[in-house]
Amino acid sequence: MHEMSIALAVVEQVEDAARSGSGDAAEAVRLQVGELAGVVPDALRFCFTLACAGTVLDGAELDIDPVTARARCGPCTTEWDTGMPPQLCCPNCGGATADMVSGRELQIVSVRWADRPAHDRAHVTEER
Amino acid sequence: MCRVVDLQQAVLAKNDRSAQELRDELTARGTVVVNLLSSPGSGKTALLEAELSLARQRGIAVAALTADLATENDATRLARSGAPVKQVLTDGLCHLEAGMLRSHIAGWLPGDTRLLFVENVGNLVCPASYDLGESLRVVLASVTEGEDKPLKYPTAFGLAHLVVVTKQDIAEAAGFDRAAFLAAVQQVNPGVEVVFTSARRGEGLGVLIDHACAVHAGHVPHQPVMARTAGQGHVHHHDGVVHTHS
Ligand SMILES: Nc1nc2c(ncn2[C@@H]2O[C@H](COP(=O)(O)OP(=O)(O)OP(=O)(O)O)[C@@H](O)[C@H]2O)c(=O)[nH]1
Ligand SMILES: [Mg+2]
Ligand SMILES: [Zn+2]
Ligand SMILES: [Zn+2]
Ligand SMILES: [Zn+2]
């Protein structure tokens, strides 16, 4: 399943961050998932739980920020929600040369770590 | 106590990086990769068989790599053309990734190969998300799959450089509505070229070779709207920034 590969890629990158000293145990991972990223959030959540088992993300939450797909027509400057299935021809001039403004994101935004590695102390602002 | 640390990394960054490396490497040695995507059974192997034979007649150095969950049948069919062919069994994975392609190419792909055709696993969902280092991405659909296929799989069709409709010989029997299919394609990928083929009757044959050779000669393929994300200023990298979390 596609979402399993995606979940494994998330886990791999968070583990890399852990190895480079960001933290020891991840409590939550925040992802941006665009409407046109080709990923089903519920399937991803399910796979994420499995992919995290036995890693520094064991039991971590997955917070998904959905991103609406929007396109912008350069020549006439119209900007629109593409919808799903997307309408990528300009609704104003019929032009075929729009750019995506948003909607293709599949991005790890941040990681919430359980505790703080000692060497990072100087840069860290702690929560009370 | 806990901290939220910005990561801002694309989930598929690693695949995207190895794909770009592979593209640069192969381009430098004069090889263009063509990635073929479709549902199971749309006719990728049948079209490719015919295209490989045609390329060999024209004296173009071609090779093909075909990925399936199981069986070597597709490789056996493609090898009849006389071109170098490699079967990749994906061990349950429903798509190819750039790193896999790279390791399968190493030590196998003849140095003088001009066009390498990659038949992806029959699946229109996830192969669309994985750049393989191709310079030409072709999405195929047969006339029996319904005119709204591009709307059901918008990321696959939306990112195609070229769309190929297969099995044109049975279009009439299938009641295929060409205008409706074209409208659906144009909605998700305005301006993309659509070519109608029949591996059985030879219609449209040469479409893959011609487009791939044009790219090899420096022609820039169609740029799909969905792939044009220049406006995404918020996808930036600033690792290691630490915020307070409450
Ligand atoms: N009538 C007709 N049948 C075709 C044509 N091309 C392929 N077929 C038939 O469609 C079936 C599937 O063709 P393949 O070439 O194996 O399709 P594929 O996309 O490679 O399939 P997978 O690798 O399993 O995803 C076979 O029975 C082919 O004989 C065509 O142009 N016309
Ligand atoms: Mg096949
Ligand atoms: Zn899948
Ligand atoms: Zn416009
Ligand atoms: Zn897959």
Side-chain angles (χ1 to χ4, degrees), chain A residues 1-7 9-10 12-14 16-17 20 22-23 27-33 36-39 69-72 82 84-90 94-116 120 123-128, chain B residues 1-15 92-95 97 123-130 148 150-159 184 186-192 222-236 239-246:
Chain A
M1 189 206 264
H2 178 38
E3 279 75 12
M4 185 50 96
S5 306
I6 303 288
V10 173
E12 190 182 340
Q13 289 182 53
V14 175
D16 284 349
S20 63
S22 291
E27 290 181 346
V29 179
R30 179 166 295 278
L31 284 192
Q32 259 185 343
V33 178
L36 291 176
V39 170
R70 286 181 68 75
R72 183 177 190 279
T82 71
M84 186 56 107
Q87 173 55 265
L88 297 179
C89 293
C90 175
T97 58
D99 286 313
M100 296 306 299
V101 176
S102 62
R104 294 272 304 140
E105 299 78 1
L106 186 53
Q107 180 93 356
I108 306 175
V109 178
S110 61
V111 179
R112 194 173 84 218
W113 298 99
D115 49 34
R116 146 182 81 102
D120 230 19
H123 308 291
V124 173
T125 323
E126 277 167 31
E127 176 193 357
R128 311 237 154 236
Chain B
M1 186 208 318
C2 63
R3 302 161 303 123
V4 176
V5 179
D6 269 15
L7 209 53
Q8 293 296 357
Q9 285 174 13
V11 172
L12 296 177
K14 198 172 163 191
N15 183 76
L93 194 64
C94 50
H95 61 271
E97 297 185 8
N123 173 1
L124 275 180
V125 185
C126 41
S129 298
Y130 292 87
D148 57 353
L151 302 180
K152 289 179 176 163
Y153 297 93
T155 48
F157 285 89
L159 294 170
Q186 291 308 310
Q187 177 178 332
V188 299
N189 193 345
V192 71
H222 163 74
Q223 290 305 298
V225 169
M226 207 182 280
R228 287 202 291 255
T229 51
Q232 276 185 334
H234 59 279
V235 182
H236 52 158
D239 305 33
V241 182
V242 177
H243 301 296
T244 342
H245 167 77
S246 46

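Chain A is the first sequence line, chain B the second, and so forth, proteins listed ahead of strands; every chain is numbered from 1. Quantities reported herein were computed from a predicted structural model and do not represent experimental measurements.
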[X] side chain near [Y] side chain, heavy-atom distance below 4.5 Å:
X	Y	answer
B:C126	A:E3	no
A:L88	B:Q187	no
B:L12	A:L106	yes

Using heavy-atom distances under 4.5 Å, tell me whether [X] contacts chain B through its side chain, its backbone, both, or neither.
X	result
A:A17	side chain
A:T82	neither
A:A37	backbone

Tell me, for [X] versus chain A, whether the close heavy atoms (under 4.5 Å) come from the side chain, the backbone, both or neither.
X	value
B:L159	side chain
B:Y153	neither
B:Q223	neither

Any donor-acceptor pair under 3.5 Å linking the side chain of [X] with the backbone of [Y]?
X	Y	answer
A:Q107	B:L7	no
B:R3	A:S22	yes
A:R112	B:V5	no
A:Q13	B:V11	yes
A:Q87	B:V188	no

Working to the nearest 0.5 Å, report the span between [atom1] of [X] and [atom2] of [Y].
X	Y	atom1	atom2	result
B:M226	A:L36	CE	CG	5.0 Å
A:S5	B:H95	OG	NE2	3.5 Å
B:T229	A:R104	OG1	CZ	7.5 Å

